[in-house]
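Order of the sequence lines fixes the chain letters, A, B, ..., with proteins taken first and strands second; residue numbering starts at 1 for each chain. Values below: all heavy atoms of this structure, side chains included; hydrogens, waters and symmetry mates excluded.
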Protein chains: 2
Amino acid sequence: MNVTIKDVAKKAGVSPSTVSRVIADHPRISKETSRRVKEIMEELGYHPNLMAKSLVSRTTRTIAVILPKPAEELLLNFFFYELIRGVLAQLTRAGYDLLMAGGSNEQEELETVTRLVRGGRIDGLLLLYSRSSDPIIHFLRNEKVPFALIGRSLDYEDVPSVDNDNVQAAYDATNHLIAQGQKRIGFVTGPTKLAMTQDRMMGYSKALAEAGLPLKQSWVVEGEFLLESGYRAMASIMSQPEPPTALVVIDDVVAFGVLKGLAELGYRIPQDIAIVSFNNIALAELTMPPITSVDVGTYQLGYTASQMVLRMIQQVDITARQIIPHRLVVRESSLRTVSHV
Amino acid sequence: MNVTIKDVAKKAGVSPSTVSRVIADHPRISKETSRRVKEIMEELGYHPNLMAKSLVSRTTRTIAVILPKPAEELLLNFFFYELIRGVLAQLTRAGYDLLMAGGSNEQEELETVTRLVRGGRIDGLLLLYSRSSDPIIHFLRNEKVPFALIGRSLDYEDVPSVDNDNVQAAYDATNHLIAQGQKRIGFVTGPTKLAMTQDRMMGYSKALAEAGLPLKQSWVVEGEFLLESGYRAMASIMSQPEPPTALVVIDDVVAFGVLKGLAELGYRIPQDIAIVSFNNIALAELTMPPITSVDVGTYQLGYTASQMVLRMIQQVDITARQIIPHRLVVRESSLRTVSHV
DNA sequence: TCACCTTGTGCAAACGATTTACTTTTTTTT
DNA sequence: AAAAAAAAGTAAATCGTTTGCACAAGGTGA
C-alpha cells in the first residue's frame, strides 16, 4: 500500500490538514512545522495521490488532444507531429500532461470527448483540425470546457482558435508561380470539408483571377493528406490533353507523392512541372529537388493554441482568433531557370 | 455541477449502490431495475466521474509514455512517431488512453515518473529507449509497476522489452555493403550510451572482422539522432587522407543529414559513397537517391510493447524479451552499379 | 412447517486528498 | 493585567465512486 497523507501526519505528530497545508505552502503554517513535515514527506517518499487531489479540486492538470478519425492515417502526416511538438513544449513548461485520445469514427470521437469531459478527466482540450458542422465543437461550447482549435471553425465565429491566413498563404504561393511565368496552374487539394482546404482553394483562385489566368476544374484534384493521394492524383491530372505546367499542393507529404508520381511518368521538376506546397516540414528541403513550401509556423501553431487553452483554464475569457504568420520558402521545385548541382 | 450517481439514484428511486451495480453489470441486479436505471442515466446524460472511480479502483486505464530528455529534440526523429503510432493503435484498441510526459533532464524525468506512479495516475508505462544505468528502470522495478522497454536494458536481463536483433541487423547491413565490393566502410553512430547503438556497432565490427576488413577508428563518428549530426559528421570524416567509400548510418534522419553533407562536399551517391541506414522511415524512399535502410518494424515495436504492458496489467507475469524481425530494404543509395532515371 | 437458499437491494465504510469552521495558543494593545 | 487580535493547528465534511455486509421476500426440500 502506498504512503498517504495520514501516514505523514501521524509520523509528524500533526493532523492531515496541516500536512495538506504544508504541501500547498499555506501561510498559516509555521516555518518550523513546515520544515519538519517536509522532512518526513521526503523520508517516507510521500507523493500525493493525484486522483484524490483531482476529485476534490476538480482539476487534473491534463490537456487532451483529440486525434481525428483514423488516427493512424492522420499520424502519417508529419505536420501533426510538428504541431504536437509545439503543444508538448508549452504544456510541459506549464507543468501539464498531455493525454492523447481518439476514436475510429466521428461517433466514437464524440463519445471519447464526452467521457473525458463529463468524467472530469481533463481540464481542457485541443482540436487539431476543423471541419464543418462538427458535433464535438458544438458539445464543447455547451459544456463550457476550455478548448481551442487549430484552424478555424466553419460554424461559429467566436471559437478560440489559432490559425494561419490560409487564403493569403495560398494567394502568395500561387502568385509565386505566376511570377515565374506559369500560366497553367493546377491544385492538388485536401478534404474539402476542412476549413484549411477551403481557404487555400480560395487564395488560389483569387490569385488566378487577378492574373487573368484560367481555373480549369480538371486541374483541381481532391485527396487526403497522404503520400498516396499525391501519387495517385498525378496519373489522372497528367493524362488530360492539356495538363497543367505547375501545381499548388496542399501539403508537403502530398507533394512527396506528387514528386514520386511525376518522376514515374517521366516528368522533370521543375522544368516540366513546377511545384509549390504547404507546411514546410523538415524534409521538404531534402527531396530531389527540394520543395518550395509555405512555412506556416507549425510548431508555433501548437505552442500558441496550448497557451490559449491554458489561459482559458485560468479563467481568462478568450474568444479570439489568433493568426500565425506564414512565409514562403523558395526552393528549386518552383523555379523556372535552374542550374543543376 | 455535473450529474452524479446520486442524482441518478434519486430519480430512479434506488440507492447509489444499485446504480453503481447497474453500471458494472452486476448479476444480482434485476432486468427491470437495470433497464430503468439505464434509461435514466441516458436521460440525465450521466457519465461516471473517472477520478472518483480511479480513486477507489486504483486503476486509471491510462498508460504513460516517457519522452526522454530534450523531448523536443527527440521528437525531431520520425522513428519515435512511428513508434507512437503503434502504441496508440494498440492502446485505443484496448480502450486505454495515452499520457505523454517528460522532463528536461534525467533528474526531472525521474521526478515525473515518480509523480505519476506514486500519484497513481497511470496503470503502466512505456520507455522508448534504453540507456545504461537508468535510474528510472531501477525505480520502476522496485515499485513493481507494469512497464516495458523498447530496446533492451543494459543493466538487467529480465526487464520486459521489445527489441530488434540489432547486432544481426547491423551485421546484415554491413555485409550488404561488403557484397557490393566495398572495402572501406565507416559508421555514423548514435549516443554510445544507448543499447541500440552498442548493438549495431557490434554487428558492424563483426561483419568487418569476418570479411577481414579493417575497422579504422577515424571512420567511426558519434552523434545524436538528428539531421545536423549526420550533416556535421561528413565534414570531419571526409577530410581525412583516406576516407571511407561506404557508410553505415545509425538512423534514416541522420542519413538525410549525411546525404546533405556529402552533396555539399560534391560527392555523388552511391558512386563515390554508398549508404546504408536503419529504421526505414517512410521518407527513406523519397530522397535522392532513395536510401537503403533496415526496416526494423517500428510500428510493430510500439504495438507489441504496449500489448506487453497491457498483459502485465492483467497480472500476466512477463519477464520476456520479444524480438521483432528486421528486413533490409535495398534502394539506390547502396548499389555499386546504377542506372540513373 | 421450518430451516435454508436465492435473489434483489440498501447502508455505510472505504479510497486519499482539500477546505470550512472552529479551537487553542501566543502575541499585542490598551 | 485584561481584552483583543493574530497565529497555528485540528476535526469533520466533502468530492463521487465501489463494495462487504445485512436484510427482506420469496422459493425449495425435508
Choosing from [options], which nucleotide comes nearest the side chain of [X]?
X	options	result
S17(B)	dG10(C), dA17(C), dG16(D)	dG10(C)
T18(A)	dC15(D), dT17(D), dT10(D)	dT10(D)
S30(A)	dT18(D), dG16(D), dA8(D)	dA8(D)
T4(A)	dT10(D), dG16(D), dA17(C)	dA17(C)
I29(B)	dA17(C), dG16(D), dT9(C)	dT9(C)
P48(B)	dG16(D), dT17(D), dT18(C)	dT17(D)
S20(A)	dT18(D), dT18(C), dA17(C)	dT18(C)

Nearest-nucleotide wise, let me know which of K6(B) and P27(A) is further upstream toward the 5' end of DNA chain D.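 Its nearest nucleotide being more 5', the pick is P27(A).
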
Please give, in whole Å, the distance from [N] [atom2] to [X] [atom1]?
X	N	atom1	atom2	answer
L55(B)	dG16(D)	CG	P	12 Å
R28(B)	dA25(D)	CZ	P	16 Å
I23(B)	dT17(D)	CD1	C1'	9 Å
D7(A)	dA17(C)	CG	C1'	13 Å
R58(A)	dT14(D)	CZ	P	14 Å
M41(A)	dA17(C)	CE	C1'	13 Å
I5(A)	dA14(C)	CD1	P	18 Å
N49(A)	dT17(D)	CG	P	17 Å

Indicate whether any N or O donor in one side chain lies under 3.5 Å from an N or O acceptor in the other, for S20(A) and S17(A).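 Not at all, the side chains of S20(A) and S17(A) share no donor-acceptor pair under 3.5 Å.
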
Have Y81(B) and R85(A) got a donor and an acceptor in their side chains that come within less than 3.5 Å?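 No, no side-chain donor-acceptor contact under 3.5 Å.
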
Using a 3.5 Å distance criterion without hydrogens, assess whether the side chain of N142(A) forms a donor-acceptor pair with backbone atoms of F139(A). no

E42(B) atom CD, over 12 foreign heavy atoms within 6.0 Å: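 Atom CD in E42(B) is not crowded, with 12 or fewer foreign heavy atoms closer than 6.0 Å.
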
Quiz item: R21(A) side-chain donor-acceptor pair to dT20(C) base, under 3.5 Å: yes

Among I318(B), I137(B), L140(B), which residue satisfies the side chain to side chain contact (heavy atoms under 4.5 Å, CB included) criterion with V159(B)?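 Result: among I318(B), I137(B), L140(B), I137(B) is the only option passing the side chain to side chain contact (heavy atoms under 4.5 Å, CB included) with V159(B).
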
Distance below 4.0 Å between S54(B) side-chain N/O and dC15(C) OP1 or OP2: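 Negative; the distance criterion is not met.
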
DNA chain C: H26(A) or A52(A), which has the more 5' nearest nucleotide?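 It is A52(A), whose closest nucleotide lies nearer the 5' terminus.
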
Pair assignment for dT30(C), Watson-Crick or G-U wobble, requiring both distances under 3.5 Å: dA1(D)

